[in-house]
Amino acid sequence: MPSFKFANVLLESNPRSENYPGLYCRADRAVSRNPIDGFWMLTDAGTFDFTTYFNALSVRKLLKYTTATAFKLHLELRGSACTVMQTTTDQFSKESVPVEETLQHVGKSDEWHNVDIDLQIADTAVLVGFIISTEGAVEIRNGYYELEVSEEPRDVELVLATTTFKKESFVISNINLVRENIVESGEHIADHFNMYVMDNGRTLDKQTLDSDHITIVPEGNVGGAGGFTRGMIEALEQTPAATHVILMDDDVAVSAESIKRTYNLLRVLKKDYEYSMVSGAMLNYRIGEDQNEDTGYMSERGEFLPCKEVLCLTMLDDLIYNELFEPTPRMQKAHYAGWWYCCIPTAMIRKNGLPLPLFVRSDDTEYGWRCHPEFITMNSLCVWHMPFKEKYDAAVERYQTTRNPLIAQFTTGFAPESDFMYAMYNKLRLELKKFGYDNAELVLDGFEDFLKGPKFIEQKGRAEETFLAANRNKEKLMTFEELQHAAEQDPMLQGFDIRKVDRQVIEENPPRTIPERLVDYFTDNGQRYLKTEGEGYAIIPLMGWMYPAGSIRGKKKLIALDWYNRKGAIRTKDSARYHAIRQRYQRDMRYYKANEKRLRREYAAARDKLTSIEFWKDYLDMN
């Protein structure tokens, strides 16, 4: 049977490996890089367990998805005497279990010694790895896992497409990483790989950054949807045409090994899975061992939700849970993979068309639902992404996430069991209760632009125009210094001192009695029926999805704070504006109910056009 090198044993030198070494190796001694020859050193006598996120082999998934029939480990070691032994895990493991039959002794030597182990795979095995026990310092190089496969690996032409808008530091770092570790690696992937960077802000130096297999594509500001679509078109039309395209966000850090393993995985997929999408996980850029999401789904209430809880990837039991998790039937009805790292077969693009022109938000969720693929996730396939809570933007979370899911559902039938009308109303009411009138208006702006039908969104420049308008119209935030000054000028906010505020104060939310809950529900915090002026102020979180009901009830003013970004806003109860917004909503709903059937027909009829190459080439000024 053919042999196939699948994954390198990975040791890296970067802030994540320094701060979270348990992603790579769990040890009672340090692992360091020799600055002279670049080899890695297990620095002293101890035990080094490589049954980790990056260095355990996902045998359960490889046996399911690929033509692999057997597995081998290769290492090259020199230095002090040591032993090497395979490890294994089952579905209940909290610690790796050594496989005694695989034990190999390596004598002390200044010469490199090859260690080759035929891995033993039990029926219950989920992950396998290896342990090195040393009597002193040992150097390690050229470690990798090899698969025996039942078929010759298929040909794959891989494209990495990323779209950016003025995030030069992230993007240039990733370009350099790809150039040094993939394009110039000398590995098989190097001759079958291209990277396209869609520069929506036109701020990258194309002449300097362009090179073999890496191309900067200057564009107008067409959002993530436009940039990723351009990447898809480039992948389809390059020579030779790509077989797969990875869509990757710009504000991420990535390991080149994740890309290499994705490429290798694609080459050995079984025929039943050749049209699967590979969904890389989103790890937390701030807390590098935490996985926030790999795939997600749309809830009945129209919420974007991760399928899994947050996992700590330095804990072996979380790694096993990560591998074995199966989305529930409800999740599978509206299952998607985010485009922070998602690998799509180009055959799926040819079959299902291109994304909808939604600028940002819902383009990836709708596309994943539309294609109905098998989603493959696997430990070690990931990026580190800035947490969403640190990037809260009302223009996105109120305008885009109101308009776009409705457009998607009416155009392609996206998430038919999700009630996006409820989601729209819930966002509106939440903002009104918290006196966030500007952001409540954004919800209705998004709804009304949806009501304009497909002719509105298909116009060139419209997506950027509406997003810029949403940014102009959203609630204006002040720095903490500006906010403190404004509070000092307001008689009702005397005593507020930002220096005495911390997360506990911001996130505090006193409980309410049942009668208080009923009053708040029917009066929208004292703004209808039993109207009250309110008194005093409360400090609350700025993030729109938070509902500190106990803090806000009965107040006249609210100080909404985003402690991540050191900004905030002062909100004042305004029953007149509340009623004007409610009346606008009721007017919009009357129009919606009178025109719903027509809108469904028009959006559905526009599907083929909006997802076609011809439309997108004109939209992106490629003709």
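This is a predicted model, so every value here is computed, not measured. Numbers for residues simply follow the sequence, beginning at 1.
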**Item:** Test applied, salt bridge (charged side-chain N to carboxylate O under 4.0 Å, His left out); reference residue, E533; option that passes from K557, K556, K573
**Value:** K556
**Lys/Arg N to Asp/Glu carboxylate O, R403 vs E448, below 4.0 Å** = no
**Asked** Heavy atoms, side chains only, cut-off 4.5 Å: are I506 and V501 in contact?
**Response** yes
**Request:** In plain terms, say whether K455 and E602 are close enough for a salt bridge, that is, a side-chain N and a carboxylate O under 4.0 Å apart.
**Result:** no
**Message:** Exactly one of W369, F375, F414, Y297 should register a ring-ring contact (aromatic ring centres under 6.0 Å, His included) with H335. Which one does?
**Reply:** F375
**Asked** Are Y529 and F522 close enough that their ring centers fall under 6.0 Å?
**Response** no
**Short N-O contact, E516 and R553, less than 4.0 angstrom** = yes
**Message:** Check this for me: does any side-chain nitrogen of one of R301 and D419 sit under 4.0 Å from a carboxylate oxygen of the other?
**Reply:** no
**Test applied, side-chain hydrogen bond (donor to acceptor under 3.5 Å, both in side chains); reference residue, E397; option that passes from K474, K427, R361** = R361
**Request:** Pick out which of N292, D249, N284 makes a side-chain hydrogen bond (donor to acceptor under 3.5 Å, both in side chains) with H385.
**Result:** D249
**Message:** So for atom CD, which belongs to Q489, do other residues, nucleotides or ligands contribute more than 12 heavy atoms lying within a distance under 6.0 Å?
**Reply:** yes
**Prompt:** Do NZ/NE/NH1/NH2 and the carboxylate oxygens of R398 and E431 come within less than 4.0 Å?
**Reply:** yes
**Request:** Could you check Y399 against D449 for side chain to side chain donor-acceptor pair (under 3.5 Å), going step by step and ending with a plain yes or no?
**Result:** CA-CA 9 Å; Y399 177 84; D449 283 351; 2.5 Å; yes
**Request:** Give me the ring orientation class for F467 and F359: parallel if the planes are under 30° apart, tilted from 30 to 60°, perpendicular past 60°.
**Result:** tilted
**Prompt:** How far does CG of L558 sit from CD1 of I540, to the nearest 0.5 angstrom?
**Reply:** 4.5 Å
**Item:** Point-to-point distance, once rounded to the nearest 0.5 Å, from NZ of K617 to CD1 of I233
**Value:** 6.5 Å
